Structures are given as C-alpha cells and as structure tokens.
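For reference, the structure discussed in these notes is given below.
First the proteins, then the strands, lettered A, B, ... as listed; each starts at 1. Nothing here was measured: the structure is a model prediction, and the numbers come from that model.
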2 protein chains.
Amino acid sequence: MTVAEQTAPGRRDRKKRLTRDALTTAALRLVAEHGLENVTVEQISEAADVSARTFFNYFSSKDEALIGNPAADRELLLARLVATPPGVPALEAIRLALTETVETMQADRELWRLRLAVIERNPALLTRLIAGNAEAERAIVETIADRLGVPPDHGHPALVAAVAGAAFRTALLRWAAEADTRPLGDLVHEAFAAVAAGLPDPRP
Amino acid sequence: MTVAEQTAPGRRDRKKRLTRDALTTAALRLVAEHGLENVTVEQISEAADVSARTFFNYFSSKDEALIGNPAADRELLLARLVATPPGVPALEAIRLALTETVETMQADRELWRLRLAVIERNPALLTRLIAGNAEAERAIVETIADRLGVPPDHGHPALVAAVAGAAFRTALLRWAAEADTRPLGDLVHEAFAAVAAGLPDPRP
DNA sequence: ATAAAAACTTGCAGAGCGTGCAAGTTTCCT
DNA sequence: AGGAAACTTGCACGCTCTGCAAGTTTTTAT
C-alpha cells in the first residue's frame, strides 16, 4: 500500500482540496479587508459557495480556516528530528528538522504573507498561531528527551523546545514584516545562531 | 492624590474584590473537577451567587476568569525594566524585572497551583496563558530596543523578548509540575542561565 | 452498466458565549 | 437626607459550533 500515495487522487479528493482552498483564501481575504470581528462564518462560506454547515466540516473554528492546522507537518517534523544524527546539538537538530517546513512556506510565500499580515492585524490570531507551535512543542519535548538521554522530569528538553519555538516565531514575523529581501531560512538560521550564542547584546 | 492609595477601600471596592475572587475560585474549582467544556458561565456565576450577566461585567470571557488578566502587573514590569541600569544585559534585565511578579506568584502559590493544574489539563487555556505573555512581549520589545539603542527593524529585541517569555513559561509549568520543593524564582533563574549559556546539551 | 456502499453536503434545531440596553438597587458624597 | 455614581440584573439578540437526519455525489463491486 506504499504505492497508493502515488496514485492520482480521485475527483472527490480534488474537489475537497478545492473547497478547502476556496474557504481559506475567502476567509483570509475577507478578514484582511474587514477585520476578524466583522466577518462571519456565513460570509466566508457564501464567498466559497458552500453552506455554513460545510464550513465546519472542514474547519473546527473560524480561526482554523485562517491559520491552518499544521498537524500534517508535525509528523514529518518529528520524523526528521528522529532521523538527525545523535552528535548534533538539540537546538541545531530542531532547526534542521524545520528546513523542510521552511521551504514549503517559502514556496507558498504569497499565501503566508497574507496569512501573517492578517495575524499581525488581529492579535487574537497570534494566540492561535503560537498555540499551534505549542502543540508541536509537546511532541518535540519527548523526542529531545530521548535524544539527550535525560530523565523525563528534567527541564532542559522543554526549555529547548520552547525557546526554539520562540525563535522560529520571531523569524516568521520578521519575514512577514520585511520587504521580502531575505528568505525565511536565513532568518531562522540567524535567530537560532543568536540563541546558541546566548543572546548577547548587539553593539550599537 | 498620591496618598489616596493608602486610604482603606470602601465597602463597594471590598465587595467587588470579593465577588471577583469568588468567581475565579468557583471557576477554577469547577473546571478542575469537570473540565473546561463541561462548565458553563451560568454554573460559575451560580456558584459565586451572582447573575450570569454580572460575570461578564468582571471578565470578558470564561477563560479570563481562569487565567486572570495580568495587565496590572505589566505596567509594573515595564517600570522595573526601565529602571534597570543600562550596563545589565537585556536578558538579565528582563529576569530582574520579573522578580516582583515571581514573588507575588510564590506568595499566592496555592492559587497558582490550582490554576496551572487546570491549564495543564485544558490545553486550550495554555493558549491564553501564552497569549497573555505575548501581549506583554510587545511592550517589552520596545523597551529593550530603546535600551540597546538599535533600530526598530532590528530583530534582536523581539527575539530576546520571545525567548525570555518562553523561558519564563517553562519555569512556570515546571514549578507547577514538581512537588513544590523549589521556589519559582530558582527555576526562573536556572532557565535564564541556561539560555544565556546558549542552551548546550547537558551531559547524561 | 448498474446497484449497493461510502463519502460529502445541507438544513434544522439547539446549547453556549458574549454584548447592548434599560431598568432596578446599593454605595458614595455633600 | 437626597442626588449622583456605580453596580447588578433580566432580556433580547447575533454569533459560534455540534448532532442528527435527510439528500446528493462519488466510488466500488458485480
């Protein structure tokens, strides 16, 4: 059944992807224009030409349509983390595991621009974005603890995961804020390097 | 009018504090027992012997009754941050500014235990807790940028603030998870020290 | 090709959250 | 004592999200 992933998706799956995309982009566009509070699920559904009930078959909340559910990436992330050779320091291992995610985002950068712009204008969503990271953290913590061979009550893995998440998040927001002169990967790399150096004050 | 703060609060303010406390503790106890989803605002209000409408005069959401609104502390935090001598590195300055908050929490540790236990059991709330920190971050970023004398588009202040927030949060959760052998201040100190050292892998 | 099975969409009803408004009641101030 | 200010409460309302019971479309097997 490993070959099954290569077979072209049927009409049903194509339609599903289509409506899903229609819903996210409709949601993003409407919220970008009118603000989070002034857009109802009904309006989004109408713009995507489906019923409001169908909206909730795709997303469990209005926010999720905007932010996306990175659960799919999470598996991949963990797999890459496990696959990283044991000699690599934990922080660096996380950065390496993130590269694939980063590249995907860089490829979809127009979508992510819009998404991050919407997030910046609606702080309530920043919450959700961070929360997504926070869920990923939980899984990462265990993997890191294994990697380092420390007892589960040791605070270090949780600290590393949380800090890595914070570094990634700031790189993301910076990427969205800057005119897109620099690729996301560079900004992530820079942030992780600064953390690994102990965050010394820069000389002005 | 600076003396006014010393005058004893009138009956009205006393009652307000009372109902507010009644609402938070009722909310925490009920949610601790039945879970976040299975407790309604009406039940909380009833337990505190006020109308449901009054609940919303005190808190803007169910979550807020559980998490609390740290806006009050925020001002104090910023003031302390500004007051820290310029020679101190940014990361350490943030830790010092946090000491007062930490002491308050240590004093109210029973309340915070319950609160953090509730948060751990209801991940949706972790979101809110982090969001509170995220809001504090925004304010801290500017102060740090001033302190370091770097241009506002420089990414460093945002990174330091985010990482400091992450370190504080992990210390907090660890404090709640451990049998309370160690004071919160120690755990915060330890986390910040590890960050300042660049988060090297511990030797197993 | 056709019929049964599976998956998807939709409307409807309903519980809950959160807000604005217009009373009533309590506390405060003089 | 009496008016002003603050607080509480009920009511109506819009919105989010869920479960259920249809209908419709796609898939699968014959």
Give every donor-acceptor pair under 3.5 Å between a side-chain atom in residues 118-126 of chain B and any protein atom, sequence neighbours left out.
from: B:N122; atom 1: OD1; to: B:L36; atom 2: N; distance (Å): 3.1
from: B:N122; atom 1: ND2; to: B:V118; atom 2: O; distance (Å): 2.8

Residues which pass side-chain hydrogen bond (donor to acceptor under 3.5 Å, both in side chains) with B:E103, listed by chain and number, not counting sequence neighbours: none
Residues from residues 50-65 of chain A lying under 4.0 Å of DNA chain D - heavy atoms: A:R53, A:F56, A:S60, A:S61, A:K62
Chain B contact limits on DNA chain C, taken 5' to 3' with a cut-off of 4.0 angstrom to heavy atoms: C:dG16 to C:dC28
Partner set under side-chain hydrogen bond (donor to acceptor under 3.5 Å, both in side chains) for A:E92, not counting sequence neighbours: A:R95
Sequence-distant partners of A:F59, ring pair (Phe, Tyr, Trp, His ring centres under 6.0 Å), two or more places apart: A:F55
B:D63: side-chain hydrogen bond (donor to acceptor under 3.5 Å, both in side chains) partners, not counting sequence neighbours: B:R128
Nearest non-hydrogen partners of A:V195 and A:A167, listed with the distance: CG2-CB, 4.3 Å
Which residues share a side-chain hydrogen bond (donor to acceptor under 3.5 Å, both in side chains) with A:T101, sequence neighbours left out: none
All pairs passing side chain to side chain donor-acceptor pair (under 3.5 Å) where residues 41-55 of chain A contributes a residue, at least two apart: A:S51-A:T54, A:R53-A:N57
Which atom pairs, one a donor and one an acceptor, fall under 3.5 Å between side chains of residues 144-164 of chain B and the rest of the protein, sequence neighbours left out?
from: B:R147; atom 1: NH1; to: B:T84; atom 2: O; distance (Å): 3.1
from: B:R147; atom 1: NH2; to: B:P85; atom 2: O; distance (Å): 2.8
from: B:R147; atom 1: NH2; to: B:V88; atom 2: O; distance (Å): 2.9
from: B:H154; atom 1: ND1; to: B:H156; atom 2: N; distance (Å): 2.9
from: B:H156; atom 1: NE2; to: A:P200; atom 2: O; distance (Å): 3.4

Heavy-atom pair with the smallest gap, counting every atom of A:L30 and A:A47: CD1-CB, 4.2 Å
Within residues 33-47 of chain A, residues whose heavy atoms come under 4.0 Å of DNA chain C: none
Neighbours of DNA chain C within residues 13-31 of chain A, by heavy-atom distance under 4.0 Å: A:K16
